[in-house]
Structure formats: structure tokens, C-alpha cells
2 protein chains.
Amino acid sequence: MRLVRKPKASVRLTDVAKMVGVSTATVSRALANPESVSPATRKTILDAVRKAGYTPNVAARNLRVRHTKMVLVVVSQISNVVFAGVLSGIDEELNLHGYGLIIGHLDNKPEREDHFIKMALSGAVDGVLLLSLRRLPQGHGLTMLDARLPMVTLNEKLEGANCPEVTVNDRQAVQQIVEHLYDLGHRRFAHIAGPDHNYTGLARRAGFLEALGHLGLDAAQMPIWQGHYSFEDGGVVGPQFMKLFPRPTAVFAANDEMAIGFIKYIQHHGLRVPQDVSVVGFDGIAYADYLNPTVTSVVQPCREIGRAAALMLVKQLRGEPAADVEIKAALKIGESSGPARA
Amino acid sequence: MRLVRKPKASVRLTDVAKMVGVSTATVSRALANPESVSPATRKTILDAVRKAGYTPNVAARNLRVRHTKMVLVVVSQISNVVFAGVLSGIDEELNLHGYGLIIGHLDNKPEREDHFIKMALSGAVDGVLLLSLRRLPQGHGLTMLDARLPMVTLNEKLEGANCPEVTVNDRQAVQQIVEHLYDLGHRRFAHIAGPDHNYTGLARRAGFLEALGHLGLDAAQMPIWQGHYSFEDGGVVGPQFMKLFPRPTAVFAANDEMAIGFIKYIQHHGLRVPQDVSVVGFDGIAYADYLNPTVTSVVQPCREIGRAAALMLVKQLRGEPAADVEIKAALKIGESSGPARA
DNA sequence: TTGAAAGCGCTAACAC
DNA sequence: GTGTTAGCGCTTTCAA
């Protein structure tokens with residue numbers, strides 16, 4: 001059995017040229033650069049194009065012009081609201097500049113990156129945006145760098161790369177939120193950290209430690225549990241928190257989901273938030289405003305982050321210089337943080 | 001000023017062939033179909049490929065083989081959790097079959113579809129998945145149908161198309177949830193509907209009306225407000241609800257976000273959920289479980305929906321028949337629904 | 001302003 | 001088992 005040749009009866013440039021009685025070059029020009037063709041022929045050609053329903057074949061075009069007007073976005077988890085927001089911003093900006101979007105979804109499996117490295121190498125895209133949050137390159141085999149494509153990283157450091165990056169001021173933002181808690185009188189803190197193979201997880205933890213240091217508190221005394229940014233983690237940590245004595249009066253979770261899970265757990269076990277314990281998160285997801293209490297957090301302007309990153313990439317694609325960008329996350333005080341108990 | 005020719009020093013098939021001293025055909029075969037080449041040459045070639053870091057150029061390949069192993073997914077709003085979950089499932093399944101994913105993000109602007117129609121027409125993808133929730137084709141100009149590509153729709157009817165579809169049993173699911181409320185003694189209902197240019201919005205509203213009919217209630221008596229599936233809509237509807245007399249004892253919102261926004265509003269205005277009014281949603285998003293009260297809803301298995309759709313498309317791509325699939329959403333009783341007040 | 005023609009990098013007949 | 005070769009559909013130089 002052999003594969004049948006696809007009938008693919010689509011109309012080609014040649015067909016249009018024949019219909020009109022001009023060369024393919026002229027049709028191509030009429031489409032790409034209308035002014036370079038006499039008004040009369042232009043009209044005939046454009047009419048024919050419309051009538052025939054001609055659309056240029058991109059594979060042929062890509063092969064010839066050596067670019068694709070496509071960008072690869074490598075993202076660790078697409079169903080995460082923060083990423084989804086960022087993606088939205090990326091798409092919006094890319095769109096403005098005529099680029100399309102190919103999703104390289106890692107689905108939290110970093111090894112999948114290899115596949116996308118190959119994709120980049122294969123010329124399928126003109127540039128790549130890395131939001132994999134990966135802390136370090138694997139160190140073996142090919143890396144994204146080998147694709148020698150314009151690239152920008154988002155909350156991620158790429159070792160050995162000179163590619164521009166957009167970062168969020170996680171560390172300072174965490175400082176702010178910890179200070180907010182400190183100002184409310186809290187002295188005993190705990191932290192529910194994010195994954196440690198993850199750039200933001202690390203940055204937020206470091207920010208936490210740093211903040212305590214600045215405030216003259218002994219960071220070594222403060223419990224830190226590690227989660228994976230999921231709701232459930234908040235509940236997993238709960239029991240450990242409950243048995244602490246003296247209990248911390250303020251808990252900083254590295255993202256809102258964990259904060260929410262944690263609040264749910266401790267409320268369920270008789271603690272009031274914020275009267276008994278204040279808990280704060282990070283990200284500023286919309287849902288946090290609909291909780292009872294609403295959660296104090298640091299809001300990341302996701303869409304803008306995405307747009308900034310996309311714009312930086314586009315600039316590179318154009319051969320323009322692109323400087324690093326740092327986006328500011330802003331403290332947003334909700335009801336989940338209050339004065340420490342006397 | 002003219003564009004400089006990109007130096008694009010990437011290694012080509014020809015280069016590898018020269019290095020090894022065989023023809024390009026042999027290299028091509030060694031890569032595509034290793035058994036068709038003698039073990040010795042195979043090894044030499046594969047070694048050379050690795051050493052040279054050769055990756056086939058996809059544009060050239062696509063042009064030659066007339067397919068791209070790419071699928072276009074047209075989605076109305078990527079930063080919506082439900083879509084994000086579905087997308088995740090689509091990606092997972094597609095991946096299994098060697099297909100990549102191009103996102104056609106409408107960003108709630110239906111007119112953007114034109115762009116993606118052109119993309120489909122241009123041979124950039126082998127098939128398309130439609131999750132735009134659009135109720136009807138625009139009726140003018142080109143439509144997706146013109147691309148004559150394998151296609152499957154997800155919660156969307158494409159007029160004049162014979163393409164298979166995956167649907168969710170929204171109507172029955174709504175019936176179940178309304179019956180659940182009825183069984184709790186509720187007789188006065190209200191509905192916060194989704195957008196009416198939207199397949200699911202319509203289906204859920206129809207389901208609501210239908211359910212009331214089956215239960216022998218007068219649907220015409222029940223207030224229906226329309227929202228756009230956002231949190232805020234719940235709050236917008238709130239005041240109108242408050243001034244009703246007698247007030248409905250049960251409210252069905254067409255999605256969880258609106259239900260959550262509504263709950264927040266009425267709680268804030270002194271009503272207790274579910275003691276004073278029961279409110280239920282649709283979708284079963286994870287956040288709903290962390291609210292106080294947790295919200296009764298209908299859970300859609302997003303990832304499975306996505307996988308089913310992707311699989312149907314892959315089957316078509318292989319030339320196999322693909323039958324319509326209906327996915328069942330399941331009632332999930334939370335704390336936001338309770339007995340009607342006496 | 002237009003046309004002829006080369007060739008982008010690859011695959012798949014077909015011949016050996 | 002391997003090589004030769006003809007394109008896939010397009011853009012773009014170069015010449016007219």
C-alpha cells in the first residue's frame with residue numbers, strides 16, 4: 001500500500017499569472033509591493049487573485065525568504081493563569097507586528113524542551129521567547145542557544161547567553177510585602193516556597209530571607225516549606241503549621257494558589273484570617289479578590305509583561321537593540337493581612 | 001538602504017552528504033527510514049548528522065511533502081481557565097501524534113478569524129480545531145471551510161460543514177443542576193446567562209428554560225440577566241437581584257466566575273449563601289473549591305475534552321473516520337446550594 | 001514596468 | 001542499497 005498523492009487542488013501563483021497573462025514575477029510583485037506594478041495590471045491581478053481565492057503558499061515562501069514570521073514561545077504550563085495572561089500579552093504584541101505564535105508547551109516536563117530546540121533549529125520560527133522558568137540549562141546536548149535565533153527570556157536566566165531578558169522585581173516586591181507584615185507588628189514569619197528548580201520560586205524565597213535580614217530578624221528561625229505552586233500544597237503545609245509553637249503570625253506563600261489553599265486549611269481548623277494569622281500571596285490573580293478574606297498579594301501585570309517581552313523580541317528580529325526590562329509588581333493589600341495579635 | 005542577506009550559516013542536507021561522501025538521497029533516507037540504508041552507511045551518516053548538528057529545514061520539507069505536521073487551534077480567549085485546560089489537553093494529544101500547535105487567538109475579537117482563515121488557506125497547517133464558540137459563520141468572504149482542511153469543532157456548530165464535532169452535554173448538565181435545586185425545594189429561580197453570540201451561553205440558557213419546563217414551572221416568570229462570563233458581571237447583576245420581590249431562592253449562573261462574583265455581592269449585602277439563596281455555577285473550575293462556600297457546579301473535564309478533539313482531528317488527518325463525541329459534564333455539589341427557605 | 005530564470009533545501013520517483 | 005534528478009511554489013536578481 002502506498003500513500004496517495006494528495007489532490008491538493010489549491011491555486012498557485014502560476015495559475016493566477018496564467019489567468020491574467022503576465023509572469024509570476026509580476027503577480028508576486030503586485031502582491032508584495034503593489035506600487036511597483038502599473039495600476040492597470042495591478043488591478044487585473046488583484047481581481048484575479050480575489051476571484052481565484054489565491055493565498056500564497058507559506059512553505060514555499062518561507063523557503064525562499066528564509067524566515068517564517070513565526071515565534072516560538074516555550075512555556076512550562078499553559079493552564080496556569082499567570083502564564084495564560086502573559087501569553088495573551090505576547091500574542092497581542094506579536095500580532096501587531098505581523099508575527100504568529102507557536103506554543104512550545106513543556107507541561108512541566110523540562111525534557112520536552114529538546115523537541116522545541118529542534119524546532120528552533122529547523123527554521124520553523126524566527127525567534128523564541130522562553131518562559132520556562134528553568135533555572136539552569138541542562139548542560140548536555142543541544143540548547144536553545146544553538147539555534148542562534150533572536151531570543152528573549154522571561155523570568156529566566158540563560159547561562160552563556162547574551163539575550164535580553166524581562167524580569168519582574170520579585171525580590172523587592174517580596175520585601176515590600178514582608179515589610180507590610182512587619183509594619184502590622186508581625187515578627188514570627190513562615191514561608192511556603194515555590195519549587196526550587198524554578199526561577200521565581202528561588203527569587204521569592206531569597207527575597208523573603210533578605211527582607212527578614214533587613215528587618216533584623218533571624219531568618220534561620222523561620223520555617224520554610226516547599227510547595228509546587230498548587231492549591232493543594234497550601235493544605236499539605238497546613239498540618240505542619242498547626243503544630244508549631246509558638247506559631248508564626250504571618251505566612252508568606254510564594255503564589256496566590258498556595259496562599260488560598262493554606263487559608264482554606266487553617267480556617268477549617270479554627271484559625272481566623274487575619275485575626276489569628278495573616279497570610280499573603282504573590283501574583284495578584286483575579287480570584288484572590290473574591291475570596292473571604294480577599295488576599296493581600298503582589299500583582300504582576302501579566303499582559304504587560306508579555307507585551308514587553310514580545311516587543312523586545314520583535315526589536316531584535318528587526319536588528320534593533322533591545323535592552324533588558326524590569327517590570328514592577330505592586331503590593332496590593334487585601335483583607336488577609338492584619339495586625340499581629342498582642 | 002537594502003536588506004542584507006542573512007548569513008544563515010546552517011548546515012544543510014547537502015553538506016552532510018558531502019561530508020560522508022554519499023548522495024543527498026541516502027542521507028535523507030537514513031534519517032527518514034533508517035532500515036532502508038545499510039548499517040554501515042547509516043552509522044556514518046547518523047554520526048555526521050550529530051557531529052554537524054544538522055536539523056532538516058522544515059520549510060523545504062513542508063514544501064516538498066505538502067504538509068506541515070502543524071495544527072491551528074482557533075480559540076476565543078486563551079486566558080480563560082477552561083480554554084487553557086482544553087488547550088493543554090489538545091497539546092498533549094497532538095504531541096503524542098507528532099503534531100505541533102499554532103495558536104489562533106481571537107482575543108474575543110471574532111473579526112480576527114479572517115487572519116487565521118488565510119493562514120489555513122496558505123498551507124501553514126494540516127488541520128484546524130475550532131473553539132471559538134462562535135454561533136454562526138459571518139456569512140461573507142472566505143470561511144474556514146474554504147481551506148478544505150480536516151477540521152473539528154469544539155462546542156461550536158459550523159454551518160454547511162460536515163466536520164465532526166465534540167460537544168459537551170451542557171443542556172442535560174444544566175437540567176441536572178436545576179433539578180438538584182428543585183429537589184432542595186426551590187421554586188423561584190433566576191439565571192445569569194452567558195453572552196448570546198456564544199454557543200455555550202445559548203445552550204446553558206436553553207437548558208435552564210427547558211429544565212423549568214420539565215419541572216412544570218413557568219419559565220417566563222424567572223428573571224434572566226445577561227453577562228459576559230466575567231467575575232464583574234456577578235456584581236453587576238447583584239443590585240437588580242436585591243430589589244426583586246419576592247426574591248428568587250436559587251440562582252444559576254452560566255459559569256463559575258459569574259457565580260462567584262454574584263455570591264460575593266450578595267454576601268456583602270447581607271444575604272447568606274446558601275441559607276438565604278442558593279447559587280450554582282458551571283465549569284467546575286478549581287478555584288470554586290476554595291471559596292466560602294464552595295460552589296455547586298457542573299464540572300467539565302477540560303483536558304479530556306481537548307484530547308478528544310485533538311484525537312478526532314488526528315484521525316481525520318490519517319484519513320480515518322471520526323465520529324462526533326459528546327463529553328459528559330458532571331454535577332458537583334458544593335456548599336453554595338442548600339434547602340430553600342420555608 | 002515587466003519577464004526569464006535561478007534556486008531556497010528537501011524528498012521521492014526511477015534507474016542502476 | 002545507492003545515486004540522479006526533477007520538482008514542491010515562491011521571490012528576486014538581472015536583463016530587456
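Residue numbers start from 1 in every chain, and the chains themselves are labelled A, B, ... in the order their sequence lines are given, proteins ahead of strands.
Set against D:dT5, D:dT2, C:dA4, the side chain of B:T24 has D:dT5 as its closest nucleotide. Taking only side-chain atoms of B:R29, from C-beta outward, the nucleotide of D:dT2, D:dG9, C:dG3 with the closest atom is D:dT2. Nearest to the side-chain atoms of B:V22 among the listed nucleotides D:dG3, C:dT1, D:dC10 stands D:dG3. The side chain of B:T41 has D:dT2 as its nearest neighbour among D:dT2, D:dG9, C:dG9. Considering only side-chain atoms of A:R61, the nucleotide from C:dG9, D:dC10, D:dT5 that sits closest is D:dC10. Considering only side-chain atoms of B:A25, the nucleotide from C:dT2, D:dT4, C:dC8 that sits closest is D:dT4. Out of C:dC10, D:dC10, C:dT11, the shortest distance to the side chain of B:R12 is found at C:dC10. The nucleotide whose nearest atom lies closest to any side-chain atom of A:T26 is, among D:dT4, D:dG9, C:dG3, C:dG3. In the set D:dG9, D:dT4, C:dG3, the nucleotide with an atom closest to the side chain of B:R66 is D:dG9.
In this structure, A:D15 places its CG atom 13 Å from C1' of D:dC10, rounding to the nearest Å. B:K18 has its NZ atom 12 Å from the P atom of C:dC10, to the nearest Å. Summarising the geometry, the separation between CG on B:L63 and P on D:dG9 is reported as 7 Å, rounded to the nearest angstrom. What separates CG of A:L13 from C1' of D:dG9 is a distance of 8 Å, to the nearest Å. For the pair B:L121 CG and D:dC10 C1', the computed distance is 17 Å after rounding to whole Å. As rounded to whole Å, 13 Å separates atom P of D:dG1 from atom CD1 of B:I45. Nucleotide D:dT11 holds its P atom 8 Å from the CG atom of A:L31, rounded to whole Å. Summarising the geometry, the separation between CG on B:N57 and P on D:dC8 is reported as 18 Å, rounded to the nearest angstrom.
Counting heavy atoms from C-beta on, the side chains of B:L313 and B:Y99 never come closer than 4.5 Å. Contact annotation: the side chain of A:L13 never approaches that of A:N57 to less than 4.5 Å [non-hydrogen atoms, C-beta and beyond].
Note on A:S28: every side-chain N or O is 4.0 Å or more away from OP1 and OP2 of D:dC10.
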Salt bridge (charged side-chain N to carboxylate O under 4.0 Å, His left out) assessment of B:E320 paired with B:K315: CA-CA 5 Å; B:E320 297 169 15; B:K315 277 185 180 162; 5.6 Å; no
Pair B:M144-B:V74, side-chain contact (heavy atoms from CB on, under 4.5 Å): steps then yes or no: CA-CA 10 Å; B:M144 266 300 172; B:V74 179; 3.9 Å; yes
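Counting heavy atoms of neighbouring residues, nucleotides and ligands inside a 6.0 Å radius, atom NZ of B:K118 does not exceed 12 of them.
Counting any heavy atom pair closer than 4.0 Å across all strands shown, B:S38 reaches sugar-phosphate atoms only and no base atom.
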